[in-house]
Amino acid sequence: MSRTQPLLTTIAAACALALPAMAQAREVTLTTQLKNYGGDGAYLAVYLTDAKGAYAGTLWVAGGKAKYYKHLADWNRLSAGDGQRLQGVTGASVGAGRTLTVTADLADALIDAGYEIRIDAAAEDMRDSPAEIRVPLSTAQAGKAQAGKTYIQSFSYQFK
Amino acid sequence: MVWRQLHRWLGLVAGTLALVLGVTGTLLALDPLRDAWQAAPAEPGLPVATLVQRVQASVPGTQEVRRLPSGGIVVYGFEGDQALALRVDPADGRILGDYQRSLLPRWVKNLHRALLLDDAGRMAAAAVALAMLGLSVSGLVLLLRRMGGWRQLAAPVRGTLAQRLHVLSGRLLLPVLAVSAAAALVMSAATFGLIQLDAAPEPDVVSVPGSEPALPVGQLPLLQALRVQDLRQLNLPADDDPQDIWRVTTARGQGWVDRYSGQTLAWQDATVAQRVQDWAMLLHTGEGAWPWAVVLGIMGASIPLFWGTGLLLWWQARRSRPRLADNSPLAQADSLIFVASEGGSTWGFAEALHAALVAAGHRVHSAALEQWRVPPAARHVYVLAATYGDGQPPAHAAGALAAIARQPVTGAQVAVLGFGDRQFPAFCGFADALEAALRARGWATLLPLERIHQQSAQAFARWSQALAQALGQPLSVTWRPRLPRTVALTLVARQDFPGGAGEPAAILRFALPGRGLPRFAAGDLLGIVPPGEAVSRYYSLASGRADGFVEICVRRMPGGVCSNLLHALQPGESVQAFIRSNPGFVLPAGRTPVLLIGAGTGVAPLAGFIRGNARHRPMHLYVGARDPARDFYFGAELQAWQAEGRLAGLHTTFSRTPGGGYVQDLLQRDAAQVRDLLAQGAIVRVCGSRPMAEGVAQVLDALLAPLGQSLAQLKAKGRYAEDLF
């Protein structure tokens, strides 16, 4: 079935979340492998929410056409007030069966503090999948693979 | 001129890509048809809430409900880990089957909108859409020019097969193409973010959990009020996210509903841009309007036809285009050559003159006569004008006299050279009119008007010498006639007649050569080039290609080079010949009756029409000759064809037999029947001598008057045409 060879797409995201005490930062590598769902390339929004579920920042947006962002419904809604949400964190949409690898610098204060990594996903003519992935941002969770609801075969992250 | 250039270059440059878009577009038009076929629309007035209740009962993990433009309902959900997309019946929530977005592999759509090249391809496809819009607009302008305005837009189209196909299909499909291309541009603009579809950022609203459990869908006022026919998409709140909300999209806007309170937390009206985009989607894809999808599909499939015929027309025009070396810009030229040419032969003389003047050191600009403009730098102006029919200007130069009257007079000297045939009463009539108009305007004379008969090389050489003297410098004008490529035709049979007026006549049948002859029909012309002759003679064809032979009827003319050559021809011998199409005279297809009128050898093309009338269209032939024993050409065949049903009525008259007369007398005698045919919309074709045609025209005009019609009207509609000699 897998006609498409998984392609390692490595993108270094120059993303440093603006927090007051940015004393220490850790580099985190997020790996998202898509299923072979047999459709056009997926739009993905990778973002952080805090302990209360409030939006804390965007790590990556795959897919460049703004008119489709409404299909990444949760991210689009939560991040609406963030004028810089696309600053330096956008890339091409991710083809079915392919792997997106993104690195980001995260402040230590974000880790093990109740923050969550979320991914919204959508593909043309297919269903929208907000909150495709929701995993806590914690040292315990690092390295553990998690499947998404519709498009994502497995998602995991590693601290450097 | 600009429109023609625009049309040509857009067609040539964007045409190949348009071909891809047209074919894939036709395939994609199948999807709306399939959707319409499969759709099980909701009953009118069904609340969205009720639909969701039914759907949830049969698809427990429902996450999203969409109403397709076709009216069909699709439900997205989960079964375990497996994502589902199901078609459901809104009447009871029953699952009808899996939902596939398209019948076609995905690459077809990606080829159509992005040529499989992502953003670069999207831009290219948008550029093609823009080119299509340009082609539609320029095509409309050219169509209006060709047909003579909006009122004549629906008139019959004349011309070669390629021209007719291009114009006929253009007339039907041009508006569809324009609409589809404009819609495509709107969609592209939205894709590239040039049009902002969303009104405002989405509202930051969430469901607020309290002590109460989430409300069932039946208690949500917005979803009870909304009708399924207005629904686009409904997203249900996720079970595992207490803050998740109901999100509903309709054509009018988008709403967010709290899952606990049932309150509509926010509503955003759809923007004007979004509505425009919705319309563009409908008009470009035909989704939700299957009859329009059919029209779009036909339009897409016709693009190869447009492209092919357009390319052919361009190629034909290119081949007949004059080859001018060193054509100086108009403003810098000291010598201007203006040309009015019907078949292109006058351009041959213009080329020779152009080359000679350039060799003599002049800066020369040659152009079509209707572009008449004389800048101050020009010192000599040459007008080479052919005459068409009875003193008419060639079609392209119809506005030339008006252009000359508009433009200011300069100090340049003008010479007019007319081309024509002395057999016509108004020999070089258009050149006469030009000469008179120019002198009346006060243009100075370089040379007096000279008229050239049948492209006479000697007469042209004499005029060139006179010109050299007037310019006071030697000129070497070498003119060689441009003849089409000829093919050798071998005589296979001949039928000899004593002829009516002393000279014999013969029906000559040539074998159809394997290659080299284009398609031809009865009524087209066969050009014969006698050896060593520069000028060809034309004979009306009495057969079409389908008949499997080439047949003409030739009367020997005293001293006629070509007719004597043909008459001396014995079976097995051959002549050089070519086909010239005669689109105005060839019979259009159809079932309307046909009135054929001819005399002498003029019966030949009419006999050809009858021979090819396998479908037994009602054809009535009025034919005149002198003596049935001497010059009743095709007499035996005509009687046989009448017996076979190919000829409905055969009416003959012989002027040298007692009680006989001319063919116009015969028409007068049968006035009631002829008028009846004309009233039925009969197509009239006349072939023979000029005096006969004049007599026939008088009789027909008199018969048409009580019907409130005239011969001029019939001519304009292509119902009446003559082939005279």
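Numbers restart at 1 for each chain; the letters A, B, ... are given by sequence-line order, proteins then strands. All of these numbers come straight from a predicted model, not from anything done at the bench. The basis for the numbers below is simple: all heavy atoms, side chains too, and nothing from hydrogens, waters or symmetry mates.
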| Side chain, backbone, both or neither: which part of B/Ala190 has a heavy atom under 4.5 Å from chain A? | both
| task | Please test A/Lys65 against B/Asp118 for salt bridge (Lys or Arg N to Asp or Glu O under 4.0 Å), starting from the C-alpha separation and ending with a verdict. | result | CA-CA 12 Å; A/Lys65 300 272 180 292; B/Asp118 217 358; 5.9 Å; no
| Are more than 12 heavy atoms from other residues, nucleotides or ligands located less than 6.0 Å from atom CH2 of B/Trp292? | yes
| Should we count CH2 of B/Trp279 as having more than 12 external heavy atoms under 6.0 Å? | no
| task | Check whether B/Leu84 gets within reach of chain A through its side chain, its backbone, both or neither, counting any heavy atom under 4.5 Å. | result | backbone
| said: Using every non-hydrogen atom in the two residues, find where A/Asp125 and B/Arg66 come nearest and quote the distance to one decimal. | reply: C-NH1, 4.5 Å
| Checking B/Gln100 against chain A: side chain, backbone, both or neither under 4.5 Å from a heavy atom? | neither
| If you tally heavy-atom pairs under 4.5 Å against chain A, which of B/Val74, B/Val206, B/Ile195, B/Val205 wins? | B/Val205
| task | Specify which of A/Glu124, A/Arg134, A/Arg77 makes the most heavy-atom pairs with chain B at under 4.5 Å. | result | A/Arg77
| query | In Å, rounded to the nearest 0.5 Å, how long is the span from NZ of A/Lys70 to CG of B/Leu197? | reply | 6.0 Å
| Pair A/Lys67-B/Gln196, side-chain contact (heavy atoms from CB on, under 4.5 Å): steps then yes or no | CA-CA 8 Å; A/Lys67 77 168 177 177; B/Gln196 201 60 46; over 6 Å; no
| Shortest non-hydrogen contact from B/Gly77 to A/Arg127? | O-NH2, 3.0 Å
| Atom group of B/Gln254 that falls short of 4.5 Å from chain A, counting heavy atoms | neither
| note | Applying a strict 4.5 Å limit to non-hydrogen atoms, the region of A/Ala131 in contact with chain B is neither
| message | Using a strict threshold of under 4.0 Å (side-chain N to carboxylate O), is an ion pair present between A/Lys149 and B/Asp239? | response | no
| message | Determine whether A/Asp128 and B/Asn235 satisfy the following criterion, side chain to side chain donor-acceptor pair (under 3.5 Å), listing intermediate values before the conclusion. | response | CA-CA 9 Å; A/Asp128 299 346; B/Asn235 292 84; 4.8 Å; no
| field | Intermediate values then yes/no, side-chain contact (heavy atoms from CB on, under 4.5 Å), A/Met126 and B/Arg101 | value | CA-CA 8 Å; A/Met126 299 176 81; B/Arg101 176 66 188 84; over 6 Å; no
| note | If one checks every heavy atom of B/Gln63 against chain A at 4.5 Å, the contacting part turns out to be side chain
